[in-house]
Amino acid sequence: NCPDSFNRDIDCELTVGWDFPGSNGGAAVESWYLYYAGSFADLLDISVNTPQAMVLASVSPPTATFFCRNVGGGQIQKNVFFRVAAVTSVGVGQYSGVSTVFCANRPDAPLVYDHDGTEGSITVTFQEQNLYKAKVLGYKIYMNDGLGGRLTYRGMVEDTSQRYFTATGLITDRPYRIQVTVVSEAGESLPGAPEFGAVRSCGFPSKPSAPKRGAATANDVELIWQAPADNGCPMTKYEIYRSENHGVTWVIMGQSMMYTVLRNTFAGLVPKTVYSWKLRACNARGCTDSEVVYLKAAGIPDQITTLKAEYEATTAGPNSIALSWVAPDMQEGIPVGYKVYRNSGDGGPVSDYPDPTCGMDSRPAPQRCTVTGLQRGKKYRFQIVGVNEIGEGSRSVEQEFKAAAVPAKITTLRNPTGGYAPSLRYEWDAPNDRGAYIYNYDGQVQKLTDAGAPLATPITLNWNTESRGNLDKTDTFVELNDWDLIRPGEQYRFRVRGYNEQGPAMDSDWGWSDWSTTTPTQDGDSPVGWTLNQPTAPTNFGRAAQGLPTGDPVADAITVGWQGYTVDPAPELGGDEVANAYYEVYAGLSPTTMSSQGTVPSTMLDANYPDVGQSHYFTLSGLQVGTRVYFQVYTWNRAWRSLEAVTPHLELIAAQKPSTPTFVKITSTTANTVDLEWNYPADDGGAPLIEYDISYGVNKGDAAFTIQIGPGLTDTTWAMGYDDGTTESFHIRARTNAGYSDWETVSCCPYSAAR
C-alpha cells in the first residue's frame with residue numbers, strides 16, 4: 001500500500017517479524033518490546049522502557065504493524081531502523097541486532113531470460129522491474145534437479161551490477177527449472193522465471209552457415225544448408241526467412257521444416273530480383289540465425305547441347321581442335337564465360353580441371369575457341385559448361401573429336417599448259433593435310449565470257465569422284481581435254497579442294513578469274529584458262545623499213561619494224577583472231593635491263609599499203625645520238641606470249657642514215673675487170689660505217705650484181721665480166737647501224753684493149 005512518490009501523504013503500512021532462538025533466562029517471555037526510528041541515532045536514543053510497540057507473547061509468530069508516517073524523519077518513504085527485546089517478569093532482555101527496512105512495497109518480480117548454455121551448464125540473465133525507490137541488495141537463485149523435483153535455494157548474486165547467473169556441473173539435455181527473485185531494502189520479490197519455466201542444459205545451435213544456391217531458374221531457387229553443431233540438444237527444426245527490402249522486414253517461407261530436411265525449393269520469384277535470405281536453426285534450447293545471403297532470382301545456364309568441332313576453321317590443325325557452340329539460355333543470369341573440359345587423349349576420363357588454352361573462362365563471346373597443345377591424330381573427349389554470375393551449368397554430354405582438321409585451302413593453283421585442241425592442265429601443290437591423310441581432290445570448271453566473267457547462267461562441270469567413275473584421285477593436277485564442255489578458243493576457270501577424313505577443305509579461289517585475274521600473266525607463260533595455242537613470234541624484226549610511214553631514221557629516236565599476222569584465219573596466233581592479238585616491244589640499254597616499252601595493235605597499215613617486208617613498227621624517242629639500245633618484240637593472243645622474235649636481241653644505235661658516198665674514178669684496163677675508187681661519206685649520221693654495197697646494171701642492189709666492201713676501204717678491183725666496149729651503170733651506197741645511204745650512180749668505162 002506504499003505510494004511510489006514521496007509526495008503522497010497516505011498510509012504506508014509496514015509489518016515486521018522476528019524469531020527468538022535465545023534463552024528466556026528461566027522466566028517465561030510475556031511480551032516483546034519493539035523499538036523503531038527514522039535513523040540509527042534516534043533508535044539508540046530510545047529508552048529501554050519506552051518502546052514504540054508492545055506485542056504479547058501469545059502472538060505467533062511475533063509480528064507488529066505500523067504506519068511509516070508515524071516514524072520520525074519527515075518523509076513517508078524512508079529507511080526504518082528497528083530492534084526488539086524480550087520481556088519477562090524479571091525485566092527487559094537484551095536488544096536484538098538493528099535491522100533496516102525501507103518503507104516501500106517489495107520489488108516486482110524480475111524478467112528472466114534463457115541466455116545461453118553448454119552441455120554441462122546453463123546461463124540465465126535477469127532484469128529487475130519496479131523497485132519502488134528501494135535499493136537492490138542482490139538476487140536470489142532457486143533451481144531444481146532437472147528431473148521435475150522441487151526448487152531449492154542455490155545462492156545469491158550480491159554484485160548488483162551482475163545480472164546473470166551460470167549454473168555448472170549439470171547433466172546434458174535436462175530441463176532445469178529456475179527462478180530468480182530481487183532482494184531490495186523493502187524485501188524479496190516474487191520469483192521470475194524464463195518464458196518456458198525450464199532451461200535446457202545445452203547450448204543454442206551453433207551459428208549455421210548461410211544457405212547456398214542449389215538448382216535454380218529465373219523463377220525458383222533451391223536452397224541448401226548444413227546442420228550446425230547442436231551443442232548438446234538435438235536439432236528440432238529449420239526455418240527459412242526471405243526479405244525483399246534488404247533485411248528491413250523478414251517473412252518466413254512456408255512452414256517450419258523437420259530437422260532432417262537440409263534443402264528446399266522456393267518458387268514464385270520475380271526474375272532478376274535480388275532477395276535476402278537467412279536460415280534459422282533450432283534445437284530444444286532455442287534458435288540461431290545464419291548470416292544473411294543475397295541471391296538474385298536467376299538460374300545457372302542450361303546444359304549446352306550444340307558443341308561441335310570446326311574442322312574447317314583456320315585455327316584447327318594436327319595439334320589443335322577448333323570448337324564452337326550456341327550460347328545456352330542463361331536463365332536471366334549475366335553471362336561470364338565458358339569452361340571446356342577434356343581428357344588426355346588416351347581414353348581416360350574427362351579432367352575435373354578446365355583446359356586453359358580455350359581462354360573463354362571470362363569471355364562470353366564469341367562462342368568458339370581453339371584448344372591447343374594436343375597430339376597429332378589423337379582423339380579427345382570434350383565437355384563444356386556455360387558460366388554466369390550464378391555459377392556453372394551442368395556439363396554437356398561427352399563428345400569425341402580428333403586432333404586434326406580439314407585440309408588447308410589450296411592457294412597454289414596453276415594453269416601451266418593449254419591448247420586449241422582443246423586442252424587445259426591445272427596443277428596445285430598438295431596443301432597441309434592438318435593432321436589427316438588427304439585421300440581425294442575434287443573441283444569445278446566454269447565457262448567464262450570473253451570479258452573473263454561467269455556467264456549469266458553459269459555452265460559448271462564437276463570434277464569429282466562421281467564424275468570420275470567413283471574413283472578418288474590424289475594426283476595434284478587435272479587434264480581437261482575430252483570433256484564436252486571444253487571448246488577451242490574459249491576461257492574457263494577452275495577451283496579445287498582436298499578431302500581427308502575430317503571432310504572437304506574450303507574451295508580454292510577461282511583461277512583464272514576472281515583470284516588470279518582475267519588478264520594474262522606478265523610473262524605470258526600460261527594459257528590462263530584459254531584453250532589457245534602459243535602464238536608464233538613476229539618475223540623480219542629489225543630497224544623499220546624505209547618504205548614504212550616512219551620515213552628515214554632520225555638521230556634522237558629509233559624505229560623498229562617487223563612482219564606480223566594480219567589476215568584471218570591466222571594459225572600463227574594460236575587459234576585466236578587477229579582482232580584479239582597485239583605485239584609487245586621491249587627495250588633497254590643492255591640485254592639484262594630490257595623492259596616493256598608498250599604495245600602495238602594487231603593492224604597498223606592499210607590493207608592496200610605496199611609490201612615493204614614489215615607490217616608493224618614502234619618508235620622509241622628521246623634518245624641521244626649514238627645511244628646503243630637493245631630491242632625485242634613478242635606476239636600476244638588473249639592468253640599466251642610468243643617466244644622472242646630474234647636471238648640474240650636486236651642491237652640498234654640512235655642515228656640518222658649516212659650521207660651518200662661518191663665515185664672518184666672508175667677505170668677498166670683489163671678485160672672483164674673494173675677498178676673503182678670512191679670517197680668516204682661526208683656524214684656517217686652518228687653511227688660507225690659497217691659496209692658499202694656496190695652494184696652494176698640496171699637494177700641497183702640486185703643481189704646477183706652486188707658486192708659488199710668493208711668500211712675500211714675506198715677502192716676495189718672488181719672482175720665483173722662485162723664485154724669489151726660496153727658501158728655500165730655503177731651504183732654505191734654506205735650502210736651503218738641506222739640503215740643505208742642513198743645510191744650514187746655513174747655510167748662509165750667502156751673497155752678498150754691496150755694498143
Side-chain angles (χ1 to χ4, degrees), residues 113-119 121-123 172-173 175 195-196 199-303 329-334 336 339 352 385-395:
Y113 303 96
D114 181 359
H115 177 69
D116 203 354
T118 67
E119 296 178 3
S121 68
I122 60 173
T123 298
T172 301
D173 194 25
E195 180 180 3
F196 299 106
V199 177
R200 287 274 176 177
S201 54
C202 59
F204 290 97
S206 294
K207 188 171 188 175
S209 57
K212 296 182 178 180
R213 185 193 304 265
T217 68
N219 301 104
D220 58 69
V221 63
E222 179 188 41
L223 297 184
I224 301 173
W225 57 90
Q226 294 180 337
D230 60 17
N231 291 329
C233 284
M235 301 301 296
T236 57
K237 64 180 179 178
Y238 295 103
E239 295 173 343
I240 290 290
Y241 289 81
R242 188 184 81 190
S243 173
E244 298 181 8
N245 52 15
H246 303 289
V248 176
T249 57
W250 292 92
V251 177
I252 187 170
M253 300 303 295
Q255 302 296 320
S256 298
M257 293 165 283
M258 293 290 294
Y259 65 92
T260 55
V261 176
L262 297 176
R263 63 174 62 207
N264 202 358
T265 298
F266 302 93
L269 307 182
V270 178
K272 299 183 180 181
T273 300
V274 176
Y275 294 94
S276 306
W277 302 86
K278 68 179 180 181
L279 170 69
R280 178 166 292 172
C282 302
N283 64 7
R285 163 175 270 281
C287 301
T288 306
D289 288 351
S290 71
E291 295 289 350
V292 177
V293 64
Y294 300 93
L295 300 177
K296 181 178 179 180
I300 59 175
D302 285 354
Q303 184 184 51
D329 186 342
M330 287 292 175
Q331 290 294 332
E332 303 296 347
I334 298 174
V336 173
K339 292 183 180 180
D352 291 331
V385 296
V387 183
N388 64 10
E389 60 179 320
I390 306 305
E392 292 187 17
S394 58
R395 291 194 189 186

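Since the model is a prediction, treat every value here as computed from it, not as a measurement.
Applying the side-chain contact (heavy atoms from CB on, under 4.5 Å) criterion to Ile300, with sequence neighbours excluded, gives Ile390. Partners of Phe204 by side-chain contact (heavy atoms from CB on, under 4.5 Å), not counting sequence neighbours, listed by chain and number: Asp114, Asp116, Arg285, Thr288. Not counting sequence neighbours, the partners of Ser394 by the side-chain contact (heavy atoms from CB on, under 4.5 Å) test are Gln303. Every residue was checked against the salt bridge (Lys or Arg N to Asp or Glu O under 4.0 Å) condition with Glu119, not counting sequence neighbours, and none meets it. Residues meeting the side-chain hydrogen bond (donor to acceptor under 3.5 Å, both in side chains) test with Thr118, sequence neighbours left out: Ser121. Taking Asn245 as the reference, Ser243, Val248, Thr249 meet the side-chain contact (heavy atoms from CB on, under 4.5 Å) condition, with sequence neighbours excluded. Residues that satisfy the side-chain hydrogen bond (donor to acceptor under 3.5 Å, both in side chains) test with Lys272, not counting sequence neighbours, are absent from this structure. Remark: Glu392 engages Lys339, Tyr341 in a side-chain hydrogen bond (donor to acceptor under 3.5 Å, both in side chains) (not counting sequence neighbours). Qualifying side-chain hydrogen bond (donor to acceptor under 3.5 Å, both in side chains) partners for Asn264, counting only residues two or more places apart in sequence or in other chains: none.
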Exercise for the section: Go through the steps for Leu223 and Val293 under the test side-chain contact (heavy atoms from CB on, under 4.5 Å), then give the verdict. Expected result: CA-CA 11 Å; Leu223 297 184; Val293 64; over 6 Å; no
Handout entry: Ile240/Trp225 under side-chain contact (heavy atoms from CB on, under 4.5 Å): CA gap, chis, key distance, verdict
Key = CA-CA 10 Å; Ile240 290 290; Trp225 57 90; 4.0 Å; yes
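Applying the salt bridge (Lys or Arg N to Asp or Glu O under 4.0 Å) rule to pairs touching residues 217-230 yields Glu222-Arg263, sequence neighbours excluded. Residue pairs that meet the ring-ring contact (aromatic ring centres under 6.0 Å, His included) test with at least one member in residues 261-295, sequence neighbours left out, are Phe266-Trp277.
Using a distance-only test at 3.5 Å, with no hydrogens or angles considered, no donor-acceptor pair links the side chain of Asn388 to the main chain of Ile334. The main-chain N or O of Val251 is never found under 3.5 Å from a side-chain atom of Arg242 such that the two would form a donor-acceptor pair. The closest donor-acceptor contact from the side chain of Thr273 to the backbone of Ala297 lies at 3.5 Å or more, if one exists at all.
A pairwise comparison of heavy atoms in Ser206 and Asn231 identifies OG-ND2, 3.2 Å as the closest pair. Looking at every heavy atom in both residues, Ser290 comes nearest to Lys207 through C-CE, 4.0 Å. Heavy atoms only, all atoms of each residue included: Val292 and Ser276 are closest at CG1-CB, 3.9 Å. Of all non-hydrogen atoms in Asn283 and Gly203, the two that sit nearest each other are ND2-O, 2.9 Å. The two residues Gly232 and Cys202 come nearest to each other via the heavy atoms C-CB, 3.6 Å. What you find for Ile122 and Ser201 is that their closest heavy atoms are CG2-CA, 3.5 Å.
Side-chain contact check for Glu239 and Ser256: at least one donor-acceptor pair (N or O, by modelled atom type) lies under 3.5 Å.
Once rounded to the nearest 0.5 Å, the distance linking OG1 of Thr236 with CE of Met257 reads 12.0 Å. From Met253, atom CE reaches atom NZ of Lys278 across 13.5 Å, with rounding to the nearest 0.5 Å. Atom CD of Glu332 and atom CG of Leu269 lie 12.0 Å apart (nearest 0.5 Å).
The cationic atom of Arg280 (NZ for Lys, CZ for Arg) does not lie both less than 6.0 Å from the six-membered ring centre of Tyr238 and within 45° of the ring axis.
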Atom pairs and distances, donor-acceptor, side-chain atoms in residues 208-215, under 3.5 Å, two or more places apart:
residue: Arg213; atom: NH1; partner: Lys296; partner atom: O; Å: 3.0
residue: Arg213; atom: NH1; partner: Ala298; partner atom: O; Å: 2.8
residue: Arg213; atom: NH2; partner: Lys296; partner atom: O; Å: 3.0

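A heavy-atom distance below 4.5 Å is found between the side chains of Met235 and Pro228.
Other residues, nucleotides and ligands place more than 12 heavy atoms under 6.0 Å from the CD atom of Glu389.
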